[in-house]
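First listed ligand is number 1; within each ligand, the first listed atom is number 1. Start at 1 with the first residue, then count along the sequence.
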Amino acid sequence: MRFASIGSGSEGNGLVVEAGATRILIDCGFGLRDTAARLARIGVAPESLDAILVTHEHADHICGVPAFAARHCVPVWLTFGTLTVAGDRFSDNERVYGFDSHDAFAIGDLEIRPFPVPHDAREPVQFVISDGAFRVGIVTDLGTSTPYVEASLTGCDALVLECNHDVALLAASDYPVSLKARIAGRFGHLDNDCAGTLLAALDTARLQHILAAHLSQHNNTPDRARAALAGALGCATEWIGIADQTNGFAWRMLG
Ligand SMILES: [Zn+2]
Ligand SMILES: [Zn+2]
């Protein structure tokens, strides 16, 4: 099993997970040609994808999905709630499937276990993806952690965890007060310290990979995100990977 990011942040997200003969893309917030170029960097042909999973209807996660899915004949999976607000964008795609945010399902060799998260969208989810031997937990948009989020993520072999902002940098930024409140609120985005607290609450005995994701380009730095997660794990900062906006991160192997 392996996974890679084609970019992460408020300007677009996309993550590929692969096991056996199955390859899926989680979210696509990039345009058609940009997505193909980003996938090419990790050696993935667009038409080789078996499915696109969508976490929620925010543009940085969904805006590239309708055109990409139609162009390359890829089925799309969204929560029923996301479908109610975004379904009309897929009216010309016959292979669009709804799922319940609490129910696991299979796509080829991968088990998809969604879990609902507090975030300001209709029915947002994040995922734990498993090939039966290893589990990858993915959380890119999370207002605040919950016991259910922690129960979902504990014991994973790899984690991609939102480190959106540094509280002090956000407070000192020139963002409008209302935007600061939205980002820092319970249905906004996870700051570095809260990401560290969440990580510290998990069983990380099996953890082989940890990557900070969805970093704000204005209100965070990779070093601050790394320090927060390394502090929680008691590990060296070099061990913490970064899913950045331009390059994402290269394939990470589990095995
Ligand atoms: Zn986002
Ligand atoms: Zn969002």
Exercise for the section: Please note down the angle at the Zn ion (ligand 2) between NE2 of H119 and NE2 of H56, to the nearest 10°. Expected result: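 Roughly 100°, rounded to 10°.
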Problem - Whether D141 has an N, O or S atom under 2.8 Å from the Zn ion (ligand 2) - result: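 Under 2.8 Å: D141 contacts the Zn ion (ligand 2) through an N, O or S atom.
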Handout entry: 2.8 Å cut-off met by an N, O or S atom of H189 to the Zn ion (ligand 2)
Key =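 Coordinating: no.
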[atom1]/[X]: more than 12 non-hydrogen atoms of other groups inside 6.0 Å:
| X | atom1 | result |
| --- | --- | --- |
| E47 | CD | yes |
| R113 | CZ | no |
| R71 | CZ | no |

Practice task
Specify which N/O/S atom of D60 comes nearest to the Zn ion (ligand 1), by atom name.
Solution key: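 Among the N, O or S atoms of D60, the one closest to the Zn ion (ligand 1) is OD2.
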Practice task
Assign the ring pair H72 / F68 to parallel, tilted or perpendicular, where the plane angle (0 to 90°) is split at 30° and 60°.
Solution key: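 Plane angle between 30° and 60°, so tilted.
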Exercise for the section: Fit a plane to each ring of H189 and H119, take the angle between them on a 0 to 90° scale, and name the class: parallel (under 30°), tilted (30 to 60°) or perpendicular (over 60°). Expected result: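 Rings of H189 and H119: perpendicular, as their planes differ by over 60°.
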Problem - CZ on R224 to NE2 on H165, rounded to 0.5 Å - result: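 Here the rounded value is 12.0 Å.
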Practice task
Output yes if H214 passes the N/O/S-under-2.8 Å test against the Zn ion (ligand 1); output no otherwise.
Solution key: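 Looking at H214, which is the residue asked about, there is an N, O or S atom under 2.8 Å from the Zn ion (ligand 1).
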Practice task
Taking both backbone and side-chain atoms into account, decide whether H61 has an N/O/S atom under 2.8 Å from the Zn ion (ligand 1).
Solution key: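 Yes.
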Exercise for the section: Give the atom name of whichever N/O/S atom in H58 sits closest to the Zn ion (ligand 2). Expected result: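 Result for H58 and the Zn ion (ligand 2): ND1.
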